[in-house]
Amino acid sequence: MHIEIDKDVCIGAGQCALTAPGVFTQDDDGFSMLVPGREDGAGDPTVREAARACPVGAITVTGTEPADAKAD
């Protein structure tokens, strides 16, 4: 999975960090950033939910779900 945060759009609402704190955090200015070492989402099932929770749509998630989450 690939996660992008558009820093020009982010307003620092923090909904992503509240929804998926294992993947998202906030920098010293309050803007969203990825937790170091978790840039690929680390299989966290709440990443897409966190992207949807962003009030300004600053987060884009592309790629597939982890293999164990796919239907057979």
Side-chain angles (χ1 to χ4, degrees):
M1 160 180 333
H2 180 75
I3 305 165
E4 288 186 40
I5 302 170
D6 188 334
K7 299 289 186 179
D8 293 329
V9 174
C10 179
I11 60 171
Q15 295 303 306
C16 58
L18 290 171
T19 305
V23 177
F24 296 95
T25 188
Q26 291 177 285
D27 65 18
D28 291 338
D29 295 321
F31 295 102
S32 296
M33 60 182 277
L34 295 168
V35 171
R38 297 297 190 101
E39 292 86 356
D40 63 354
D44 190 324
T46 61
V47 170
R48 291 183 192 280
E49 184 179 333
R52 286 189 296 271
C54 179
V56 293
I59 301 169
T60 304
V61 179
T62 55
T64 59
E65 296 291 328
D68 58 345
K70 290 182 181 179
D72 291 325

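Scope of the values below: all heavy atoms of this structure, side chains included, with no hydrogens, waters or symmetry mates.
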If we ignore hydrogens and angles and just use 3.5 Å, is the side chain of Asp29 paired with the main-chain N or O of Phe31 as donor and acceptor?
no
Considering only Ile, Leu, Val, Met, Phe, Trp and Tyr, and joining two whenever side-chain heavy atoms are under 4.5 Å apart, list the other residues clustered with Val9.
Ile11, Val56
Side chains of Phe24 and Leu18, heavy atoms from C-beta outward: is any pair under 4.5 Å?
no
Under 3.5 Å donor-acceptor, Glu49 side chain and Val47 backbone:
no
Heavy-atom pair of closest approach, residues Thr46 and Ala20:
OG1-CB, 3.2 Å
Minimal heavy-atom distance between Val23 and Gly41, with the atoms involved, is CG2-O, 3.5 Å
Quick one: does Ser32's side chain get under 4.5 Å of Cys16's, heavy atoms only?
yes
Decide side chain to side chain contact (heavy atoms under 4.5 Å, CB included) for Ile3 and Ile59; before the verdict, give the C-alpha distance in whole Å, the side-chain angles of both, and the deciding distance to 0.1 Å.
CA-CA 7 Å; Ile3 305 165; Ile59 301 169; 4.1 Å; yes
Side chain Gln26, main chain Met33, donor-acceptor under 3.5 Å
no
Contact list for residues 2-22, test side chain to side chain donor-acceptor pair (under 3.5 Å), sequence neighbours left out:
His2-Glu4
May I ask you to test the Thr62-Met1 pair for a side-chain heavy-atom distance under 4.5 Å?
no
